[in-house]
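Scroll down for the structure; my scribbles are underneath it.
Residue numbering restarts at 1 for every chain, and letters A, B, ... go by the order of the sequence lines.
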Amino acid sequence: MSNSITAPFTTATGSDIRVRFCPSPTGTPHVGLIRTALFNWAYARHTGGTFIFRIEDTDAERDSEESFEMILDGLGWLGLNWDEGVNVGGPNEPYRQSERTHIYLEVIEKLKASGHIYESYLTAEEIDERNKANGRAVQLGYDNSERNLTEEQKAAYKAQGRSPALRVRVPDVDITFTDLVRGEITFPAGSFPDFVVVRPNGQPLYTLVNPVDDALMGVTHVLRGEDLLSSTPRQIALYNAMFEAGITKFIPQFGHLPFVMGEGNKKLSKRDPQSNLFHHRDRGFIPEGLLNYLALLGWSISADRDVFSLAEMVEAFDVKNVNPNPARFDQKKADAINASHIRLLDVTDFTKRIIPYLQTAGVLGKDVSDREMAILQEAAPLIQERIVVLSEAVGMLSFMFVDAAQISIDDDARAGLPEDSKEITLAAIEVLHQLDEFVTEKIQLSLNTRLIEQMGQKPRNAFGPLRTAISGKRISPPLFESMQIIGKEQTLARLKAFAESL
RNA sequence: GGCCCCAUCGUUUAGAGGCCUAGGACGCUGCCCUUUCACGGCAGUAGCACGGGUUCGAAUCCCGUUGGGGUCACCA
C-alpha cells in the first residue's frame, strides 16, 4: 500500500461515458434533485453514453417506498428515461442499495485484507476526550490513533464487548482533481481524518456504498450537487484504496453542479413549496417548460435564446459549460418559460393536456362526453395563448360547462362595471334575440352596431357587463367566441339573469 | 474556527485579453395593437463587489480584501 494517490482518473469519452442519478428516497422529489437528474441525462444523451438510475436506500430510518414511487412518477412524467437501473435492469443488478449488502460485505473484506480500512474502537466521546487531553482542537475530530492497533489491543477491546467501526486509511498527501465545472481543486494533506465507512454493527455507510457502487457500475462521470464537493477527496481516497485492492481501474471525473437557491441566500429548502416537483405539476407546468427552466439554472444554450426543446438541449449540452454560480429559482421566469412552451403545443395536444386539470377541479367528470369534447375543441385555441400554467384553464373555461342558473359572478368581475350596465345588457338581449345565425362574426356585428354605434358606448363599457354576465369572470376567453360556444339560448339566459340582478 | 467553492443589470445568463460605449431573457415602466385578460410589436430601466498587480490593452489573467455559501457525523 503506497502513501499517495496511484489510481488514474478515467479518460472515457463519447459512448464510453457512464453517468448516474442516485437519489435517496426521502420525501418528495426536489427541483434541485431533478435538475441534477436532467444534467446527467442530457450529458448521457449528448455523448451517446449510458444513463444509470440507482436508488440509495441504505438509511432505513428515513427512506420510504412511497418516496421511491414518487421519484419514479416524477422521472416518468418528465420523460427522463434511463438505460440501466431500477425497473429496467442491466449488467450490474440489483440497482437498489438495500439489496446489495452482500456486495458491500465482499468489498469490505478485500479492503480489510489489503489494509486500506482498519478497525476503530474509539467512540465519539472518547475521541473528544483524547483531543482535550492532548491539547488538540476538538474540531479536528479523529486523530487516526488506531491505525496500528496490535492484535492484543483489539482483543482487549473485544473483551470489553466492543465492536469496531471501520475507517479508511487516508493517504497523507494533497488530493487534487479537475472538477468539470470548476477546474482544478486541491485539498491539502491532512484536511480530514480517517473516516468511518462501516458501523460497528456491520452496516456500511454512504461514504463507502456510493463510491463502491459507482466503481462497480463503471461510472465515469459523477455529476452531482455542490454540497458533495467537500467529500470528493474522501471518495478519491477510497477509490484509490479500491484501485490498489484490485476492485476498480480508475477514478471517475467529477462535476459539481451549483445549488438551486430559494429566497435570501439559502438553498431552496424542502419545506418551500417551490422545491416540490409535484407542486409545479399541480399548478400546470408542462414537462417541456419545467425542464427548460431547470436547465437555465446553471446552463444556457446560447447568448440570445432561452426557450428550447429537450432535443435541442441534448444536442448542445456539455457539463463543461455549466456555470458554477448558485442560481435562484425565479417563479416568474419559470412561469414565462412554461407559458412559451404551452403556446408551442399543438392545439390537439394542448386540449388533451388541460383535461386532467378540468377533471381534478370537477369541471369535467371522469368520462368526457362528446358534447363536452366539442366545446373543449372550440375553446382550447382561445385560451392557449392566454394562460401560463395549465390549471388556469379551469377558471377560464368552467362557465362553458354549467347552466345559466349555476353561474356565479365574481366580485372583481362586478366591480368597475359602468352605471348603465343594465341598459347595455337589455339592449344586447334585444339585438341578440333577433339573430338567426348565432356565430361570432354576426354576434360581434350586431353588438357593435347596437351598443357602440347606436348607443355611443365605449367598447370597454359595452362589453364589460356582457363578459361578466356570460362568464362571471373579469377575465375570460374572447367574448363573442364564448357566446357562440355556449349558444344562443345560454347566452340570452345569462344576460337576462344578469340584467335582473342589477 | 480549519478546509473548499462562488462573485456580470432586481433575477438568470452571454462574455474564455482588444468584436464591450458589456448582449439576451424574465421582471418593471411607457407606447402600439385590442371587446376584458393575455399574446404580439416597439422603446426604456438597470450590472462587471472593492483594492492592487500583469499587459500597449482586463468584466475576462494573478494576488489580496470584503461578502455569500458549503463541509468538517458511526445522515445521504
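Within 4.0 Å of A:Phe480, counting heavy atoms only, lies at least one base atom of the nucleic acid. Using a 4.0 Å heavy-atom criterion, one finds that A:Gly298 contacts the sugar-phosphate atoms exclusively. At a threshold of 4.0 angstrom between heavy atoms, the contacts of A:Glu392 with the nucleic acid are absent. Using a 4.0 Å heavy-atom criterion, one finds that A:Phe187 contacts the sugar-phosphate atoms exclusively. Across all strands, A:Asp63 comes closer than 4.0 Å to no nucleic acid atom at all (heavy-atom distances). Residue A:Leu122 is classed as a base contact, given a heavy-atom separation below 4.0 Å to a base. Contact annotation for A:Ser120: no contact, since no heavy-atom pair falls under 4.0 Å across all strands. Base engagement by A:Pro200 is indicated by at least one non-hydrogen atom pair under 4.0 Å involving a base atom. As judged by a 4.0 angstrom heavy-atom cut-off over every strand, A:Thr186 is placed among residues touching the sugar-phosphate backbone only. At the heavy-atom level, A:Leu466 lies nowhere under 4.0 Å from the strands shown. Residue contacts for A:Leu479: at a heavy-atom cut-off of 4.0 Å it reaches a base atom on one of the strands shown.
Between A:Tyr293 and A:His280, the ring center distance fails the sub-6.0 Å criterion.
Within the shown strands, B:C63 is the pairing partner of B:G51 under the Watson-Crick or G-U definition, both distances less than 3.5 Å. Shown here, B:A14 forms no base pair; nothing in the strands shown gives a Watson-Crick or G-U wobble contact with both key distances under 3.5 Å. In a base pair of the Watson-Crick type (N1 to N3 plus N6-O4 or O6-N4) or a G-U wobble (N1-O2 and O6-N3), with each distance short of 3.5 Å, B:G1 is matched with B:C72. Look at B:G40: its Watson-Crick or wobble partner, with both distances under 3.5 angstrom, is B:C32. Both distances falling under 3.5 Å, in either a Watson-Crick or a G-U wobble arrangement, occur for no nucleotide opposite B:A58. In this structure B:G27 sits in a base pair with B:U45, meeting the Watson-Crick or G-U test at under 3.5 Å. Using the Watson-Crick or G-U wobble rule with both distances under 3.5 Å, B:A22 pairs with nothing in any strand shown.
In this structure, of B:C74, B:C39, B:C6, it is B:C74 that holds the atom nearest to the side chain of A:Val196. Considering only side-chain atoms of A:Leu205, the nucleotide from B:A7, B:C75, B:G27 that sits closest is B:C75. Side-chain proximity of A:Pro188 to the nucleotides B:C26, B:C3, B:C74 is greatest for B:C3. The side chain of A:Arg167 has B:C74 as its nearest neighbour among B:U12, B:C37, B:C74. Side-chain proximity of A:Asp306 to B:G24, B:A76, B:U35: nearest is B:G24. Distances were taken from every side-chain heavy atom of A:Asp59 (C-beta onward) to each of B:C26, B:U35, B:A76; the shortest belongs to B:A76. Residue A:Asp304 places its side chain closer to B:G24 than to any other of B:G24, B:G70, B:U36. The side chain of A:Ile475 lies closest to B:U36 when the candidates are B:U36, B:C4, B:C6.
Taking atom CZ of residue A:Phe254 and atom P of nucleotide B:C4, one finds them 18 Å apart after rounding to whole Å. As rounded to whole Å, 10 Å separates atom C1' of B:C37 from atom CZ of A:Arg460. Per the geometry, NZ belonging to A:Lys266 stands 10 Å off P belonging to B:G70, to the nearest Å. Summarising the geometry, the separation between CG on A:Leu257 and C1' on B:G70 is reported as 14 Å, rounded to the nearest angstrom. Atom pair A:Arg386:CZ and B:G40:P shows a separation of 12 Å (rounding to whole Å applied). Regarding A:Glu61, its CD atom lies at a distance of 10 Å from the P atom of B:C75, rounded to whole Å. A:Lys333 places its NZ atom 13 Å from the C1' atom of B:C9, with the value rounded to the nearest Å. Rounded to whole Å, the distance from CG on A:Asp174 to P on B:C3 is 13 Å.
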### Task
Show your working on side chain to side chain contact (heavy atoms under 4.5 Å, CB included) between A:Phe259 and A:Leu268 and close with a plain yes or no.
CA-CA 8 Å; A:Phe259 285 125; A:Leu268 194 53; over 6 Å; no
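For the pair A:Gln203 (side chain) and A:Thr58 (backbone), a donor-acceptor distance under 3.5 Å is present.
The aromatic rings of A:Tyr157 and A:Tyr121 lie parallel to each other, with less than 30° between the two planes, well short of the 60° mark. The aromatic rings of A:Tyr43 and A:His221 sit tilted relative to each other, their planes meeting at an angle between 30° and 60°.
Scanning atom types as modelled, no donor and acceptor separated by under 3.5 angstrom connect the side chain of A:Arg182 and the base of B:C5. The base of B:U12 lies outside donor-acceptor range of the side chain of A:Arg328, with no N or O pair under 3.5 Å.
Both A:Ala327 and A:Gln203 lie close to RNA chain B; mapped to their nearest nucleotides by heavy-atom distance, the more 5′-ward contact belongs to A:Ala327.
In the displayed structure, A:Lys158 atom NZ is contacted under 6.0 Å by more than 12 heavy atoms of other residues, nucleotides or ligands.
Considering only side-chain N and O atoms, A:Asn325 lies under 4.0 angstrom from the phosphate OP1 or OP2 of B:U8. Within the 4.0 Å cut-off from OP1 or OP2 of B:A14, at least one side-chain nitrogen or oxygen of A:Ser300 is found. A close approach under 4.0 Å does not occur between any side-chain nitrogen or oxygen of A:Arg343 and OP1 or OP2 of B:A38.
In summary, the side chains of A:Thr186 and A:Asp174 do not present any donor paired with an acceptor at a separation below 3.5 Å, with no hydrogens or angles considered.
Contact check for A:Asp335 versus A:Arg283: side-chain heavy atoms found under the 4.5 Å cut-off.
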